[in-house]
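Reviewing the structure listed below.
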Amino acid sequence: MERKDFLQELVAKIGEELNGILRANLYELSLKKEELLRLRNKKRELRRALKNCGIGDLQAKIHVKILIKDILTEKLDMTEEKINDIIPFIDENKLTVKDKFDILLYVYKKEYDTNAFLKLLEEHKLLELSGGLADEGRYEINEDDIEDIFNHVSVLLNYEDKLEILSQKIYEAYRGLGVVDELRDMKLDGISGGVSGREGDYHSIWAFVKGKTIHLGFLDFQSESELERICMNIYRYNHPGQLSMNKGYIVNEMKDHSRVVVARPPFCESFVFFVRKFDTIEHKTPEELITDQNREIPVSFLKWIVKGCQITAVTGAQGCGKTTLLMALIGYIHPSYTLRIQELSFELHLRDIYEDRNIVTFQETDHISGQEGLDLQKKTDGVVNILGEVATAPVASWLIQMSLTASLFTMFTHHAKTTEGLVKYMRNCLLTDGAFQNEDIAEEQVVDTIRFDVHLEKDLDGHRYIERISEIIPRDDNTGGKAYDVNILMEYRDGAYVKCGDFSMSVRREIEKHLTAAEREEFYEIFPV
């Protein structure tokens with residue numbers, strides 16, 4: 001029997017044993033009350049674990065893997081010799097590249113736990129342009145890279161180690177996420193699958209690590225059906241509905257708060273999934289987060305913008321650090337202010353960071369629109385409103401109205417590339433939503449509302465930085481043309497932050513209103529009149 005067939009047979013046997021536990025009629029066994037209760041709880045725990053593993057519930061995964069190992073040793077008499085017949089640990093030439101990667105990740109995981117993959121990349125310089133593709137400017141880890149690392153790492157495995165690796169392989173195929181199962185649990189920024197290659201080529205797994213998108217060319221889903229199986233399971237947490245031909249995509253979160261997006265044909269050309277992890281986002285203050293030369297310049301501007309309750313957009317492309325910076329800026333908001341957050345899916349998790357703050361987060365569901373959630377916030381005593389992302393015309397329109405009447409100030413994220421682009425987008429959203437019919441009036445409304453644009457960038461090496469901080473200054477004249485000027489306060493130049501200007505007098509007065517006497521004195525020292 002071929003090795004692949006033998007693994008499939010093991011998966012089938014494991015499935016039969018676990019299903020047997022679930023189907024067992026305990027009342028036919030004439031058990032004592034205590035034993036009956038114990039076995040009933042065991043069935044309940046197994047049913048819950050099988051339901052929740054594969055969707056970010058690590059405890060459920062551990063529970064199922066322990067049962068798999070028990071079945072292997074107690075029911076199937078899985079000796080070390082038998083394991084070596086399935087995975088040829090004693091003959092490296094017969095190990096596949098996936099075997100070698102599994103072994104490497106296991107060895108590193110024993111020492112570094114969920115930091116294993118990152119440590120593997122860092123120690124072997126795989127976060128640099130690699131795979132002979134430096135001229136193309138992309139990152140790739142190929143089969144030769146894994147082979148080379150395996151040949152240079154000392155690997156000594158005992159029976160328990162081999163049993164653990166075999167159990168993981170069985171779990172991946174039985175209820176796990178296939179070849180990306182262990183990777184998804186690692187501390188990285190994200191992982192995606194099905195996003196490259198021609199039809200029939202399933203080397204389409206990419207990892208997002210420290211701002212770098214890396215093609216894991218040594219991994220392969222093997223078949224369209226395996227990729228489909230993963231996509232149809234990875235999004236299931238909290239029953240978000242069924243991914244179908246009519247409902248071609250779903251955005252949800254996983255048990256560990258990772259964001260997951262899945263899509264399928266005919267909405268897109270193949271089954272695809274995107275997992276965005278947030279466990280790598282360490283909560284830092286802006287002083288800790290901003291690290292480049294002259295960092296005190298952006299830190300100072302940001303501190304007084306937030307303490308001064310100014311409506312602020314944090315803009316930039318995906319992965320540039322908008323969420324991380326927004327989380328850090330919350331620390332500058334006066335602790336007595338209540339916060340209300342609206343997100344497409346839970347990402348900020350501010351209550352985990354600011355445990356003693358009055359914070360409630362809402363998200364859109366199949367039955368409650370984002371607009372309804374935003375409307376509800378008006379009735380919840382919210383002082384500061386935060387929008388995880390302004391991405392639709394109704395939300396942009398409501399943001400403008402809310403900022404003028406319903407809250408002290410608002411902070412939000414957006415994908416605009418320039419301040420002018422941000423204003424145009426918001427203006428066009430007001431027109432699209434029907435809130436305004438006149439383009440000039442709509443633009444005036446936007447620039448009367450949004451005061452600052454904090455724009456982030458990320459370079460090819462994954463380094464994130466604040467490219468500029470801009471103040472939007474409305475014009476008082478009615479001479480036509482643009483309704484505002486852009487006052488650039490700070491720019492990032494040649495690896496350092498450079499101060500370019502000061503707050504306008506009107507903004508200074510607005511900021512001063514919201515400061516305590518001590519804060520006002522500090523503000524005057526840094527920004528004298």
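All values derive from a computational prediction rather than experimental measurement. These values consider heavy atoms only, across backbone and side chains, with no hydrogens, waters or symmetry-generated copies. Position 1 is the first residue of the sequence; numbering continues from there.
In summary, the side chains of H415 and E389 do present a donor paired with an acceptor at a separation below 3.5 Å, with no hydrogens or angles considered. For N246 and S244, the side-chain atoms include no donor-acceptor pair closer than 3.5 Å. Side-chain contact check for D181 and Q168: at least one donor-acceptor pair (N or O, by modelled atom type) lies under 3.5 Å. In this model, no donor atom of one side chain and acceptor atom of the other lie less than 3.5 Å apart for K255 and N52.
In this structure a side-chain-to-backbone donor-acceptor pair under 3.5 Å is present from N252 to Y237. A side-chain donor-acceptor contact under 3.5 Å links R351 to the backbone of I359. A donor-acceptor pair is defined here as one N or O able to donate and one able to accept, closer than 3.5 Å; such a pair exists between the side chain of Y354 and the backbone of G331. In this structure, N115 contributes its side chain and L118 its backbone to no donor-acceptor pair below 3.5 Å. Proximity of a side-chain donor or acceptor of R340 to a complementary backbone N or O of N385 within less than 3.5 Å is not detected. At distances below 3.5 Å, at least one donor-acceptor pair connects side-chain atoms of K322 with backbone N or O atoms of G316. A distance-only check finds a donor-acceptor pair linking the side chain of N151 to the backbone of E147 [under 3.5 Å]. In this structure, N84 contributes its side chain and E81 its backbone to no donor-acceptor pair below 3.5 Å. Judged purely by atom type and a 3.5 angstrom limit, R47 has no side-chain atom pairing as donor or acceptor with the backbone of R44. Panel note: side chain K82, backbone D77; a donor-acceptor pair is recorded below 3.5 Å.
When the shell of 6.0 Å around CG of N41 is examined, it contains more than 12 heavy atoms from other residues, nucleotides or ligands. Counting non-hydrogen atoms of other residues, nucleotides and ligands closer than 6.0 Å to NZ of K51 gives a total of 12 or fewer. The neighbour count for E123 CD, taken as heavy atoms of other residues, nucleotides or ligands under 6.0 Å away, is above 12. Around CD of Q318, the count of heavy atoms belonging to other residues, nucleotides or ligands within 6.0 Å does not exceed 12.
What you find for I55 and I234 is that their closest heavy atoms are CG2-O, 4.1 Å. C231 approaches L243 most closely through the heavy-atom pair O-CD2, 4.5 Å. When all heavy atoms of S204 and S196 are compared, the pair lying nearest together is CB-O, 3.2 Å. Minimum interatomic distance between S192 and F274 (heavy atoms only, all atoms of both residues): CB-CD2, 3.7 Å. Closest approach of Y235 and G241 over heavy atoms only: CE1-O, 3.2 Å. Pairing each heavy atom of L105 with each of E182, the nearest pair is CD2-CB, 3.8 Å.
With a 4.5 Å cut-off on side-chain heavy atoms, I170 and L72 count as touching. By the 4.5 Å heavy-atom criterion applied to side chains, M78 and I83 are counted as neighbours. For the pair K109/T114, no side-chain contact is recorded, criterion being any heavy-atom separation below 4.5 Å from C-beta on. Contact annotation: the side chain of T315 never approaches that of T413 to less than 4.5 Å [non-hydrogen atoms, C-beta and beyond]. Residues E355 and D352 are not in side-chain contact: their nearest non-hydrogen atoms beyond the backbone lie 4.5 Å or more apart. In this structure the side chain of W206 never reaches within 4.5 angstrom of the side chain of Y139, judged on heavy atoms. A heavy-atom distance below 4.5 Å is found between the side chains of L339 and I386. For the pair L22 and L46, the minimum side-chain heavy-atom distance is below 4.5 Å.
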Intermediate values then yes/no, side-chain contact (heavy atoms from CB on, under 4.5 Å), L157 and Y106: CA-CA 10 Å; L157 302 175; Y106 174 76; 4.3 Å; yes
Show, in sequence, the C-alpha distance, side-chain angles and deciding distance for L104 and D102, and conclude whether the side-chain contact (heavy atoms from CB on, under 4.5 Å) test is met. CA-CA 6 Å; L104 287 170; D102 290 343; over 6 Å; no
Go through the steps to decide whether K110 and D161 satisfy the test side-chain contact (heavy atoms from CB on, under 4.5 Å), and finish with yes or no. CA-CA 10 Å; K110 286 180 71 175; D161 296 328; 3.2 Å; yes
When you look at D292 and H463, which way does the side chain to side chain donor-acceptor pair (under 3.5 Å) test go after all the steps? CA-CA 10 Å; D292 290 288; H463 174 59; 3.0 Å; yes
Take F101 and D145, measure what side-chain contact (heavy atoms from CB on, under 4.5 Å) needs, and give me the verdict at the end. CA-CA 10 Å; F101 176 70; D145 294 321; over 6 Å; no
Working for salt bridge (Lys or Arg N to Asp or Glu O under 4.0 Å), residues D461 and K212: CA-CA 7 Å; D461 291 325; K212 301 176 182 180; 5.0 Å; no
Validation: residues 214-221 side-chain donor-acceptor distances under 3.5 Å, sequence neighbours left out:
unit_1 : atom_1 : unit_2 : atom_2 : d
H215   : NE2    : H203   : O      : 2.8
D220   : OD1    : Q222   : N      : 2.8
D220   : OD2    : H203   : NE2    : 3.2

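Taking the six-membered ring where the residue is Trp, H414 and F412 present perpendicular rings, their angle passing 60° and hence far from 30°.
To the nearest 0.5 Å, atom CG of residue L227 and atom CE of residue M232 are 11.5 Å apart. Residue E140 holds its CD atom at 11.5 Å from CG of L126, rounded to the nearest 0.5 Å. Taken from CD1 in I71 to CD in E16, the straight-line distance is 10.5 Å, to the nearest 0.5 Å. Going from atom OG of S258 over to atom CZ of R184 covers 4.5 Å, rounded to the nearest 0.5 Å. Note that CD of Q342 and CG of L376 are 9.0 Å apart. Values are rounded to the nearest 0.5 Å. To the nearest 0.5 Å, the span separating CD on E164 from CG on L166 amounts to 10.0 Å.
Between K42 and E45 no salt bridge is recorded (no basic side-chain N to carboxylate O distance below 4.0 Å). In this structure, K210 pairs ionically with E122, as a charged nitrogen and a carboxylate oxygen lie closer than 4.0 Å. The pair R295-E287 does not meet the salt-bridge criterion, since no charged nitrogen lies less than 4.0 angstrom from a carboxylate oxygen. Taking a cutoff of 4.0 Å between a charged side-chain nitrogen and a carboxylate oxygen, D57 and K61 do not qualify as a salt bridge. Salt-bridge check for D189 with R464: passed, with a basic side-chain N closer than 4.0 Å to an acidic carboxylate O. Note on K98 versus E172: salt bridge recorded, some NZ/NE/NH1/NH2 to OD/OE distance being below 4.0 Å.
Among pairs with a residue in residues 148-186, none fulfils ring-ring contact (aromatic ring centres under 6.0 Å, His included), at least two apart in sequence or across chains.
Of the candidates L289, I290, V454, L325, I290 is the only one forming a side chain to side chain contact (heavy atoms under 4.5 Å, CB included) with P298.
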